[in-house]
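Okay, so here's the structure we're looking at.
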2 protein chains.
Amino acid sequence: MADINDQISSAEPKKGGENRPDSRSPAAPPGVEPILLELTELLFFAYRDFICEPDAILAEFGFGRAHHRVLHFVNRHPGLRVADLLDILKITKQSLGRVLKQLVDEGYIVQRAGKEDRRERLLYPTERGKTLAAQLARSQLHRIAEALEDAGAGASQSVRDFLYHMVAPEDRASVTHLLASVTPQSGGDRSGS
Amino acid sequence: MADINDQISSAEPKKGGENRPDSRSPAAPPGVEPILLELTELLFFAYRDFICEPDAILAEFGFGRAHHRVLHFVNRHPGLRVADLLDILKITKQSLGRVLKQLVDEGYIVQRAGKEDRRERLLYPTERGKTLAAQLARSQLHRIAEALEDAGAGASQSVRDFLYHMVAPEDRASVTHLLASVTPQSGGDRSGS
DNA sequence: TCGTTTATGTCAGCCATGTTGACTTATTTT
DNA sequence: AAAATAAGTCAACATGGCTGACATAAACGA
């Protein structure tokens, strides 16, 4: 990457009354903890790089990030209803419908009517869907595992607590519920949050 | 939010040879640590909710997330070059150009030729830009501060280390450099980049 | 039983923001 | 003087959000 602030210009403002740069006064409300500003940017960079590797794989399949999110949650929480997915993704039915239809048409996800309420469409990954989901998850899980190692022993609990409390308070209960409703991955335990 | 897995259907597959659901076998490669899968989802939820409040403010100004990102980095790192911004955002010059032009035209950002290399356009927030940036940052900083409190004392260092190591290794140096090149927020010191 | 609500699907169109490719201008470097 | 670099711009296109309107099937309530 290129250097930043190679030259902080101290040149003349030369722009009428309005648009002066104000390059040397505080850029945010005074008194903000530096750590908060750092974490804001780190969260951006972390997320940016977290999704870039799956993107490359998805492109080969003609899919995008939206497909990844849908496939991920269906794979990890089989039996999810369409309404659940809408709550999770916080997008409209129409937006979801577009990508879900493609995943169903191409055999990555199947839908079955709910046993008790036959209006519901419960979503399940097919073998093909599980394979792609696993492929997409590989680099992401690896990156998280390494980052946890690099961050040291106690980090995982702190990170989990932090991220959990970054979730909007009104959604925490459902996130907790969702995380607790996971198909066992390898016989591991599944204690509530 | 709605319940999840209200009924895991055990109904008959009823779909020819291909698309069987496979609802009860592990959804990811066996042996993956549950914490890694949890953090994957928490990162999604945390980021989802981290950007939703600014989105509402931006909408009032006729701006979107792309404008937020540009304004944020220009505000916090005044004197940034266009090339730096491209490295940070990892988007194309044309994509950046579109939103940057709007921010300049509407008086949120000004550009000045570099003092040493006059081809460079150094970017600075105007007073108006700083005001909007601060307004956008408010809820985000507050959310992070609360999450850190909720996560307990030592969390901030762990979270910072974790997020830093989530950044692609080849970009870590520039992220470090960027974080160190910050305009003091409240009269703090400003060690050279 | 019948009317209403609910869960889902779908059509049509719009907007924001990402992409590629080609090209221009100003400036610095060689 | 020529080449490389920083930036800006035009055109066209793709993805994935959005709204509004409407259809269907199933469940529910009076």
Could you tell me whether B:Arg98 contacts a base, only the sugar-phosphate backbone, or nothing, with contacts defined as non-hydrogen atoms closer than 4.0 Å? base
Quick one: label B:Gly97 by what it contacts on the DNA or RNA (base, sugar-phosphate, nothing), any heavy atom closer than 4.0 Å.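 Nothing: the residue B:Gly97, judged by heavy atoms under 4.0 Å, touches no strand.
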How many Å lie between [atom1] on [X] and [atom2] on [N], as a whole number?
{"X": "B:Arg118", "N": "D:dG8", "atom1": "CZ", "atom2": "P", "result": "14 Å"}
{"X": "A:Arg112", "N": "D:dA26", "atom1": "CZ", "atom2": "P", "result": "17 Å"}
{"X": "A:Leu80", "N": "C:dA7", "atom1": "CG", "atom2": "P", "result": "14 Å"}
{"X": "B:Glu120", "N": "C:dT29", "atom1": "CD", "atom2": "C1'", "result": "14 Å"}
{"X": "A:Leu86", "N": "C:dA7", "atom1": "CG", "atom2": "P", "result": "11 Å"}
{"X": "A:Arg48", "N": "C:dG18", "atom1": "CZ", "atom2": "P", "result": "13 Å"}
{"X": "A:Lys101", "N": "C:dG9", "atom1": "NZ", "atom2": "C1'", "result": "10 Å"}
{"X": "A:Arg121", "N": "D:dT24", "atom1": "CZ", "atom2": "P", "result": "14 Å"}

Nearest to the [X] side chain among [options], which nucleotide is it?
{"X": "B:Arg65", "options": "C:dT8, C:dT17, D:dG8", "result": "C:dT17"}
{"X": "A:Ile91", "options": "C:dA7, D:dG17, D:dA7", "result": "D:dG17"}
{"X": "A:Arg69", "options": "D:dG17, C:dT20, D:dG16", "result": "D:dG17"}

Quick one: is [X] getting a side-chain N or O under 4.0 Å of the [N] phosphate, OP1 or OP2?
{"X": "A:His67", "N": "D:dT15", "value": "no"}
{"X": "B:Gln111", "N": "D:dG8", "value": "yes"}
{"X": "B:Arg119", "N": "C:dA26", "value": "no"}
{"X": "A:Thr92", "N": "D:dG17", "value": "no"}

Would a distance-only check, ignoring hydrogens and angles, find a side-chain to backbone donor-acceptor pair under 3.5 Å from B:Thr126 to B:Gly107? yes
Using only atom types and a distance under 3.5 Å, with no angle test, would you say the side chain of A:Arg48 pairs donor to acceptor with the backbone of B:Ile88?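 Yes.
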Let's test your reading of the model: under 3.5 Å, does the base of C:dG21 pair with the side chain of B:Gln94 as donor and acceptor?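 In this structure, the two groups form a donor-acceptor pair.
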Donor-acceptor pair under 3.5 Å, B:Lys93 side chain vs D:dG8 base: yes
Between B:Arg112 and B:Tyr124, is NZ or CZ placed under 6.0 angstrom from the six-membered ring centre and within 45° of the ring axis?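 Yes, B:Arg112 sits over the ring of B:Tyr124.
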For a side chain to side chain contact (heavy atoms under 4.5 Å, CB included) with B:Val70, tell me which candidate from B:Leu100, B:Asn75, B:Ile91 qualifies.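 Exactly one candidate clears the test, B:Leu100.
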Can you tell whether the side chains of B:Glu106 and B:Arg128 come within less than 4.0 Å, N to carboxylate O? no
